[in-house]
Structure formats: structure tokens, C-alpha cells
Amino acid sequence: HTQASGARFEVVMSAYQQLLFERALLADFDSIQERMAHVDVRNCECRKPEDTEHIKRELDREVGLLKCNQQVHGLLRGALATQGRAALAKQPAHLRGTEMLMNR
């Protein structure tokens with residue numbers, strides 16, 4: 001588990017996906033934040049159904065699914081904030097104050 005092992009949590013995407021995500025962050029931060037709030041580890045799926053069940057059992061036993069969801073939401077909020085700051089930093093200084101994200 002990411003936090004239990006001390007591993008770093010990262011969101012990875014292609015350069016094109018990153019560009020689209022940054023545009024979406026600047027244009028519609030609220031809907032992205034809303035969607036991330038609905039992430040639920042109880043709905044996770046792996047390619048192999050037996051892996052899904054194994055992971056869910058382990059998470060429930062080691063952390064608890066509710067606590068795991070809380071930790072995942074915290075990690076996602078942190079990643080969203082990091083991505084948002086990076087997107088704003090790429091904007092010309094005179095436009096930064098006009099972006100929706102700045103009003104958060």
C-alpha cells in the first residue's frame with residue numbers, strides 16, 4: 001500500500017493527456033474535484049477478478065475500506081493541487097488572476 005510502504009503517490013499520463021487535463025483544470029476545476037470525490041476503492045477492478053478480490057480483502061484487513069478511501073481522497077486532492085499549481089505556473093502572469101483555479 002502506498003502510504004504503509006512509504007511509496008510516493010504519482011498520477012501518470014501522456015504529454016497529450018497532461019495538456020488536456022491542465023486545460024480542464026483551468027476551465028472546470030469544480031467538476032474534476034467533484035469526480036475525484038466519488039472515487040471509491042470498493043469499486044476498484046483489476047484485469048483479473050481474483051486480483052480484485054485479493055486486493056479488496058487485504059485493504060479491508062490492513063487498513064479498512066473507509067480509511068483507505070479517506071487516504072486515497074487525500075492523495076488525490078494533493079495531486080490535484082499540484083497539477084493545478086503547475087497549470088497556473090504555465091499561464092502568462094497577466095492571465096493567472098483570471099483563471100477559475102486562482103479563486104480557490
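FYI, the numbering just counts along the sequence from 1.
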Please step through side-chain contact (heavy atoms from CB on, under 4.5 Å) for the pair Val41 and Lys56, ending with a clear verdict.
CA-CA 8 Å; Val41 297; Lys56 286 181 181 180; over 6 Å; no
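Atom CD in Glu34 sits 9.0 Å away from atom OG in Ser31 (nearest 0.5 Å). The CD atom of Gln70 lies 8.0 Å from the NZ atom of Lys67; values are rounded to the nearest 0.5 Å. Taking CG of Leu20 as the reference point, atom OG of Ser14 lies at 8.0 Å (rounded to 0.5 Å). If you take CG on Asn69 and CG on Asn43, they are separated by 8.5 Å, rounding to the nearest 0.5 Å. For the atom pair Leu80 CG and Gln83 CD, the distance stands at 8.0 Å (nearest 0.5 Å).
Looking at heavy atoms from C-beta onward, His54 lies out of side-chain contact with Lys48 at the 4.5 angstrom threshold. Taking 4.5 Å as the limit, some side-chain heavy atom of Glu22 sits within range of a side-chain heavy atom of Lys90. The shortest side-chain heavy-atom distance between Leu26 and Phe21 does not fall under the 4.5 Å cut-off. Looking at heavy atoms from C-beta onward, Leu88 lies out of side-chain contact with Leu25 at the 4.5 angstrom threshold.
A donor-acceptor pair is defined here as one N or O able to donate and one able to accept, closer than 3.5 Å; such a pair exists between the side chain of Thr52 and the backbone of Cys46. Not one N or O on the side chain of Gln33 forms a donor-acceptor pair closer than 3.5 Å with the backbone of Asp30.
No chain of hydrophobic side-chain contacts below 4.5 Å, direct or via other Ile, Leu, Val, Met, Phe, Trp or Tyr residues, connects Val72 to Leu66. The hydrophobic cluster containing Leu75 also contains Met13, counting ILVMFWY residues as joined when their side-chain heavy atoms lie under 4.5 angstrom apart, directly or transitively.
When the shell of 6.0 Å around CD of Glu50 is examined, it contains more than 12 heavy atoms from other residues, nucleotides or ligands.
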